[in-house]
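Per chain, numbering begins at 1; letters A, B, ... match sequence-line order.
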Amino acid sequence: MAWISKDWAMTGIIKGLIVTMKHILQIGNRKTVTVQYPYERMKLAPRFRGRHAVDEDACIGCGICESTCPNSTIRIVKYGTRWFPEFNLGMCLFCGLCVDACPMNALKMSGGYELADYTRESLVYGPERILFKKEVNE
Amino acid sequence: MWTGDKMITNPNAYDLIVAILNAIGVYNIILGFFQDLGMEYILRVIIVLVIIAVLLVFVLLTVMFLSWLERKMFAVVQSRYGPMVTGPRGLFQPIADGIKLLGKEDIIPAKADRWIFTLAPFVVFVSVLLVFIPLPFGRSLIVSDLKVGLLYIIAISAVTPISILLAGWASNNKYSLMGAIRAVAQDISYTIPLAITAIAVVVFVGSLSTVDIVNAQSGYWFGFIPKWFIFLQPLGFILFLIACIAEMGRIPFDFQESEQELVAGFFTEYSGMKFAMFFLAEYAHLFAVSGIIVTIFLGGWTGPALPFIPFELTSLIYFMIKTYAVIFFAMWLRDTVPRVRIDQLLNLGWKIMIPLALLNLLLAAFVVTAGVI
Amino acid sequence: MNPAEELKNALPNSVLSVGIQTNKPLAVIKKEDMLKVAAKVRDMGFDNLSVITGVDCVDRIEVIYNFFSYKKKQNLALKVVLDRSSPEIDSVVSIWKVADWLERETYDLVGIKFNGHPDLMRILLPEGWIGYPLRKDYDMKTEQFVTIGEDGEDIVSTDGSNLLRGQ
Amino acid sequence: METETLLLNMGPVHPSTHGVLRFKLRMDGEIIRDCQVVVGYLHRGTEKLGEMKTYLQFVPYTDRLDYIAAMPNNYSYVKAVEELAGIEVPLRAEYIRVLVMELNRIVNHLVFMGSLLLDLGASTMIMYGFREREKALQLYESLCGARMTFNYIRPGGVREDLPDGFIPKLREFIKDMEKRIPDYEDLINGNEIFLMRMKNIGVINAEEAINSGMTGPSLRGSGVDYDIRKVEPYSIYPDLDFKACMRSECDSLARYLVRVDEMRESLHILEQIADTMPEGKFINQRYGMAPTTGAPTAVMSFFPRIFTPRAGEVYSRIEAPKGELGFYVASDGTTKPYRVKIRSPSFCNLVALPKMVAGLKIPDLIAAFGTIDVVLGDVDR
């Protein structure tokens with residue numbers, strides 16, 4: 001019978017029950033913290049590293065991002081008359097090294113995070129999906 | 001039969017239906033119809049079938065509600081929402097789950113014992129349903145007031161581990177087998193204190209009938225303490241509660257499934273409808289066992305009568321409130337505590353609960369013999 | 001006096017040279033005397049074997065042992081140079097139990113045989129993997145496929161045509 | 001009575017193996033006679049990748065080792081590279097590094113507590129742990145844009161400076177945590193069932209623990225007062241006031257309690273850092289400047305991201321939340337490391353597990369395994 005603990009009165013369990021009861025009655029700062037995801041979304045931080053976006057005017061197609069990428073996510077492709085990066089997000093680590101390397105500050109990572117898709121091909125984000133124009137008044 | 005001229009002491013659901021039919025004045029017409037055919041027994045069969053159907057529907061609805069309640073409780077304790085999308089606050093989630101489980105592929109492992117594997121979930125479910133027969137939901141709301149009701153309940157609950165053993169053995173899976181063996185070991189060591197504490201109550205009542213046990217608990221001591229056996233036998237109540245939770249196989253004593261150790265224990269290999277049967281049985285068992293606790297220790301359906309409402313209904317409400325209080329406690333406990341180890345549980349059962357239960361029985365016998373109560 | 005020099009004084013024949021591994025004392029030792037040196041190192045109070053690293057230096061293979069002493073709070077590194085064609089060295093499992101897995105890992109990835117290891121088999125890669133990945137000449141072009149056999153053993157093959165593969 | 005031993009394969013996919021790990025158990029009924037740990041299901045060849053990437057490019061891969069606490073991985077690798085290349089780090093950068101690492105220690109221990117209790121069958125703690133972890137992850141998100149795989153620490157400093165309002169938010173987090181930890185203690189520490197499950201389970205004495213290569217909180221639970229932050233101080237730890245938490249019971253409970261105490265110590269460290277965060281540069285200008293703070297649109301000073309340390313080798317280690325995390329980096333004077341070897345704490349801590357659990361039962365195996373706090377990404381690399 002040596003395994004019986006000294007406080008056989010189960011005070012520990014009662015303490016635990018009190019903690020959970022406090023949550024049931026929501027006493028103190030114990031409110032629901034989760035959100036109903038597809039209907040409600042959390043606010044993202046401004047620095048959030050999501051899908052890439054390329055400033056159409058600033059990008060010079062130099063390919064530094066391509067050579068910086070650790071996982072060969074980026075490929076420089078011709079789009080219209082100019083060269084722009086194309087991102088294979090299926091391989092992307094979202095590490096942000098390409099953003100740091102961009103000499104023109106043309107590349108940034110937007111807050112887009114719902115990137116799941118049905119095929120691997122649709123994960124390749126070509127220039128048509130990542131280019132944006134900087135607002136003039138910005 | 002209660003035909004209006006004489007009152008029987010312990011009416012059951014059959015009598016209630018007859019009384020209701022009488023009250024609206026159709027019983028004699030129907031009875032006459034069947035008497036003309038010379039097949040009066042058919043009417044009895046129909047009424048019994050109606051009772052069974054009502055019981056089944058009631059149990060199934062309760063089970064659905066309980067599974068929703070359990071998830072919601074969990075969610076509230078854990079600062080989450082829980083099911084929210086299906087119906088008002090996710091109330092129809094169990095129905096969605098049921099439809100999903102119906103649509104699932106029914107897998108039988110190649111090396112499983114097909115017949116026993118298929119049989120086991122039904123045995124579990126039926127054995128749990130049978131427990132409801134002598135359970136008084138309210139005054140005269142009882143399927144059958146067996147003279148040996150309590151013995152019957154204990155005997156029937158001993159069938160559940162056998163069906164679990166069937167399931168575990170037939171699955172031909174090591175986890176299932178271990179879960180089944182654990183379930184049996186656990187049940188053997190907990191049915192004994194369960195029975196002994198129940199007998200301590202029987203010593204006071206002098207009858208095994210559940211209705212008699214409830215009737216014995218009506219009334220008050222000193223005008224305000226209800227004559228529930230929990231006040232007469234607090235030790236017995238605690239032992240019975242622990243034994244019941246172990247019997248139900250819920251945390252902290254859920255070795256038969258113990259998800260983190262044995263994947264899902266005895267129903268690792270089950271899927272689809274068979275899994276749903278186990279699931280239903282689990283919650284039906286929770287409800288049944290809580291009902292038994294209420295019947296034996298918490299005064300069953302007794303309570304103050306309200307004016308203008310038939311006491312059959314009031315007593316049902318009292319019974320449900322008490323049962324849900326017990327269920328709430330079981331769920332609350334599940335939210336809080338971790339699982340005990342199997343050998344620790346057996347230690348608790350054999351080395352502490354059985355001696356204490358015997359002591360409790362001795363005290364009860366002493367009190368009754370000395371004529372204190 | 002740093003531990004490497006101490007070791008050199010104690011076993012002048014076994015220690016070939018003394019240097020530093022950036023900021024930790026390093027002793028290069030003869031591979032034949034590994035067990036003798038290990039016993040001495042243990043006696044010097046180095047009870048923790050931090051890591052065993054195998055490095056393929058194209059013309060030779062180096063094994064580097066990093067030790068730490070809980071008693072003296074000192075670091076010591078040992079380096080053994082092995083022949084690349086048949087890299088073999090005595091196992092130190094009998095002295096440091098952690099060497100069990102570290103040596104298996106080194107065997108698995110660099111291909112160094114540890115003589116006297118109780119259970120020298122691959123640990124991270126499946127048994128039967130072709131080549132040692134951390135060798136500089138490891139063939140990275142050939143894909144290898146692993147299936148599980150009847151008795152649960154791993155079967156490695158370079159032919160993946162009969163396997164379900166991602167698109 | 002004649003009995004037969006049962007060979008039970010627990011895993012690779014099992015609810016309590018924390019990933020893909022396999023125990024080959026030889027069972028006598030419920031009792032474990034022999035336990036063999038099989039790893040390698042998550043092997044991704046990170047060390048080989050290290051040889052193929054430049055020094056900077058490899059940093060994001062270190063995030064994927066111990067993904068519960070990625071910051072120390074980043075730091076450990078960067079520290080090795082800095083020692084190899086002799087890079088100076090500004091003081092503010094060091095403060096930020098320690099801040100994020102200690103925050104990560106809290107995150108790690110919260111997940112540890114949650115998953116341990118989940119393994120024992122109490123599913124509430126993991127939600128509480130994740131609730132508080134979420135706040136820390138939001139801090140990380142505002143700091144570096146990622147929640148788990150940070151790629152934040154760079155040779156020469158850190159990627160970005162602290163955002164506005166970071167320190168007040170951090171203080172809020174500290175205050176919140178200080179209120180929550182007593183909750184956890186009420187919920188778990190005194191729970192008799194928990195104590196029954198943890199006391200005298202998975203006992204390993206100090207000598208065996210050292211010999212088996214255990215490090216970190218698991219080792220300190222065996223009564224060895226060894227914390228690399230104290231023994232071999234790095235970064236700004238010498239300036240900080242904290243103590244290495246230690247218990248001498250050698251069992252699962254001790255390993256658990258050490259981690260709870262460590263959370264408190266980490267909070268204490270965070271408080272000190274919040275009070276004394278110096279101003280200054282966050283990255284050594286020579287080795288890089290992140291563009292978000294750089295010149296606006298014109299061609300900015302180009303980050304010399306590709307640098308070549310002199311030929312040499314280094315073994316550098318830190319006290320990660322799970323134990324001693326070491327990186328052996330050898331350079332041959334080119335832009336890429338010649339060899340990267342990761343000494344991961346989880347891998348070495350696992351060596352001691354069979355010794356701990358021999359003769360115990362399956363639930364004890366799970367409890368003991370839970371308390372050595374293993375992440376399979378770290379084991380298999």
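Relative orientation of the Trp332(B) and Phe328(B) rings is tilted, given thresholds of 30° and 60° on the angle between their planes.
The residue among Met73(B), Met84(B), Gln78(B) with the most heavy atom pairs within less than 4.5 Å of chain A is Met84(B).
Side-chain rings of Phe278(B) and Phe266(B) approach one another, their centers coming within less than 6.0 Å.
With a 6.0 Å radius and a threshold of 12 heavy atoms from other residues, nucleotides or ligands, Arg89(B) has its CZ atom at or below the threshold. Atom CZ of Arg82(A) has more than 12 heavy atoms from other residues, nucleotides or ligands within 6.0 Å.
Heavy-atom distances place no part of Val19(A) under 4.5 Å from chain B, backbone and side chain included. Only the side chain of Val337(B) has a heavy atom closer than 4.5 Å to any heavy atom of chain A.
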